[in-house]
Number of protein chains: 2
Amino acid sequence: MPGKEISLAVIQRLPRYYRYLGELLENDVVRISSKELSERMNVTASQIRQDLNNFGGFGQQGYGYNVEYLYTEIGKILGLDKRYSLIIIGAGNLGQALANYTDFERRGFYLKGIFDVNPRLEGISIRGVEIQMMDNLEEFVKKNKVHIAALTIPKMKAPQTAKEITDMGIKAIWNFAPVDLNLPSDVIVENVHLAESLMRISYTLKDLEASRESDGN
Amino acid sequence: MPGKEISLAVIQRLPRYYRYLGELLENDVVRISSKELSERMNVTASQIRQDLNNFGGFGQQGYGYNVEYLYTEIGKILGLDKRYSLIIIGAGNLGQALANYTDFERRGFYLKGIFDVNPRLEGISIRGVEIQMMDNLEEFVKKNKVHIAALTIPKMKAPQTAKEITDMGIKAIWNFAPVDLNLPSDVIVENVHLAESLMRISYTLKDLEASRESDGN
DNA sequence: TAGATTGTTAATCGATTAACAATC
DNA sequence: TAGATTGTTAATCGATTAACAATC
């Protein structure tokens with residue numbers, strides 16, 4: 001049984017810690033203090049220590065943290081010591097771009113299938129994985145354990161398809177469609193809303209442009 | 001001069017409000033109360049009212065909010081009534097996928113250039129925009145106002161390229177490389193870290209799988 | 001007018017930061 | 001041992017929620 005619930009804010013920060021530790025490891029840094037890491041990452045040392053202590057004491061007083069050990073431990077917390085199977089639903093530009101990302105495999109995410117409704121794409125192979133027709137999906141999921149489905153299909157089709165694949169037993173959806181999927185609470189949904197990301201840029205740009213104008217520039 | 005600083009949390013929520021209001025508008029809904037919107041969006045009505053009142057009173061007591069008006073106003077706050085020019089640096093799979101997104105144009109983001117170092121890509125045209133060599137970038141930026149650069153290049157090259165393009169005067173970077181860009185504070189950086197997004201899935205999946213095992217399943 | 005719902009103030013909750021005793 | 005730095009408690013800060021008077 002897990003103790004106190006870990007806050008979402010902490011979980012969101014873990015991958016970034018992991019990334020920085022990975023870089024330190026590549027540069028053969030053996031140990032690091034929360035203070036030094038905090039300076040590199042632009043966060044407070046206090047926050048780093050608090051965050052890590054949600055999962056146990058990984059450091060040592062007077063010494064700091066062993067980089068390799070901490071890296072491994074955070075990897076375990078993030079579940080990166082496991083293997084996950086991934087399918088991509090929607091073999092358009094974005095789906096194909098994801099399919100070509102070999103980096104995911106380094107983290108334990110293995111591409112097992114690509115599906116689309118467009119018959120012209122059938123049989124095209126991306127990194128050794130053939131695009132299949134959506135009709136085959138149900139059978140495929142029965143025969144193969146699928147952990148994660150990336151949803152790179154049009155907004156209009158996303159909610160219905162999401163429902164269908166969760167009915168098939170898929171428990172995690174990486175959703176790239178600009179819509180909220182309302183699914184049972186035991187289904188993990190991670191959204192990547194690119195348009196919203198762009199809007200955050202334009203929000204800030206707007207003021208920048210306005211102040212530039214009033215500067216007489 | 002802007003009044004109290006708007007918190008990042010609020011800004012992050014604005015695009016989602018905008019999306020829901022857009023859908024309501026499409027469905028010819030004329031007015032909506034914070035209560036009803038809160039139920040659809042799974043947030044509190046109080047939060048909606050607080051968020052909106054950061055920017056002024058858009059509603060009317062006893063009535064609620066006029067959907068079209070609120071949609072337009074949030075659009076203005078997000079700077080979506082302006083036009084922004086966008087270039088893509090890195091014409092790999094992801095860069096090309098972004099280039100093919102016509103949806104961005106609907107929001108005022110216009111693709112003006114695509115750049116890469118690979119000579120084999122030179123001259124290939126995506127939606128009427130030819131891929132150019134990186135050598136041309138500086139001259140291009142001098143001749144054309146560039147608001148936003150999407151950075152879809154390898155991690156190793158990202159920090160250096162980011163520095164170069166901000167030196168050229170580009171003020172906003174949409175960063176897809178899995179690395180933090182340390183740039184002057186007047187440069188807007190919006191990160192899209194896909195690997196980190198996947199890790200948040202595996203964090204939760206890990207526990208799901210573990211509990212499934214202990215269930216004897 | 002009566003009812004509904006906002007705008008806004010006050011209360012609560014949670015997350016971040018500061019401080020420091022414990023200890024390597 | 002003395003110095004450094006963690007783990008952890010306490011203080012602060014900010015964000016969310018609740019409540020309600022204002023008002024359409």
Side-chain angles (χ1 to χ4, degrees), chain A residues 2-18 20-21 24 29-74 76-77 200 203, chain B residues 2-18 20-21 24 29-74 76-77 200 203:
Chain A
K4 214 180 326 93
E5 196 67 39
I6 310 294
S7 84
L8 193 64
V10 174
I11 295 162
Q12 308 247 61
R13 283 193 291 268
L14 286 181
R16 187 154 178 265
Y17 292 137
Y18 189 74
Y20 272 83
L21 288 163
L24 290 168
V29 176
V30 174
R31 60 169 279 262
I32 193 153
S33 67
S34 58
K35 182 157 182 293
E36 200 191 332
L37 188 58
S38 78
E39 283 158 6
R40 289 176 185 254
M41 294 186 66
N42 261 301
V43 295
T44 64
S46 207
Q47 180 165 75
I48 292 175
R49 294 204 298 278
Q50 287 276 25
D51 283 353
L52 297 179
N53 271 82
N54 280 297
F55 305 97
F58 299 129
Q60 193 171 301
Q61 281 102 328
Y63 174 86
Y65 300 87
N66 177 286
V67 172
E68 189 172 2
Y69 174 69
L70 188 55
Y71 178 77
T72 308
E73 288 303 309
I74 294 181
K76 282 187 205 164
I77 293 165
R200 285 191 283 273
Y203 170 83
Chain B
K4 212 180 324 91
E5 196 67 39
I6 309 294
S7 84
L8 193 63
V10 174
I11 296 162
Q12 308 246 63
R13 283 194 290 268
L14 286 181
R16 189 155 176 266
Y17 292 137
Y18 189 74
Y20 272 82
L21 288 163
L24 289 169
V29 177
V30 174
R31 61 170 278 261
I32 194 155
S33 67
S34 58
K35 181 157 182 292
E36 201 191 330
L37 188 57
S38 77
E39 282 157 8
R40 288 175 188 254
M41 294 187 66
N42 261 302
V43 297
T44 64
S46 208
Q47 181 165 76
I48 292 175
R49 294 203 300 277
Q50 286 277 24
D51 283 353
L52 297 180
N53 271 84
N54 281 296
F55 305 98
F58 300 129
Q60 193 170 303
Q61 281 102 327
Y63 175 84
Y65 299 87
N66 177 286
V67 172
E68 189 173 1
Y69 174 68
L70 189 55
Y71 178 77
T72 308
E73 288 303 309
I74 295 181
K76 282 186 203 165
I77 293 165
R200 286 191 282 273
Y203 169 84

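Labels below follow one simple rule: chain letters A, B, ... track the order of the sequence lines, proteins then strands, and each chain is numbered from 1. Computed from a predicted model, the values in this text were never measured in an experiment.
Each of B/Y65 and A/Q50 lies near DNA chain C, and the nucleotide nearest B/Y65 is the one positioned closer to the 5' end. Checking B/G64 against A/Q47, the closest nucleotide of DNA chain C that is more toward the 5' end is the one next to B/G64.
Side chains of A/L14 and A/D51 form no contact here, defined as non-hydrogen atoms less than 4.5 Å apart. Counting heavy atoms from C-beta outward, B/V30 and B/E68 have side chains that stay 4.5 Å or more apart.
Here A/S46 lies in heavy-atom contact (under 4.0 Å) with a base.
Classified by interplanar angle (parallel below 30°, tilted 30° to 60°, perpendicular above 60°), the ring pair B/Y71/B/Y18 is parallel.
Put simply, chain B comes within 4.0 Å of DNA chain D, heavy atom to any atom, from D/dA15 to D/dC24, going 5' to 3'.
Under the Watson-Crick or G-U wobble criterion, with both distances below 3.5 Å, C/dA18 is paired with D/dT9. Across all strands shown, the partner of D/dG3 is C/dC24, judged by Watson-Crick or G-U wobble contacts whose two distances both fall under 3.5 Å.
Rounding to the nearest 0.5 Å gives a distance of 11.0 Å between CD1 of B/I74 and OH of B/Y69.
Under a cutoff of 6.0 Å and an axis angle of 45°, A/R31 and A/Y65 do not form a cation-pi pair.
Under the side chain to side chain contact (heavy atoms under 4.5 Å, CB included) criterion, B/N53 pairs with no residue, sequence neighbours left out.
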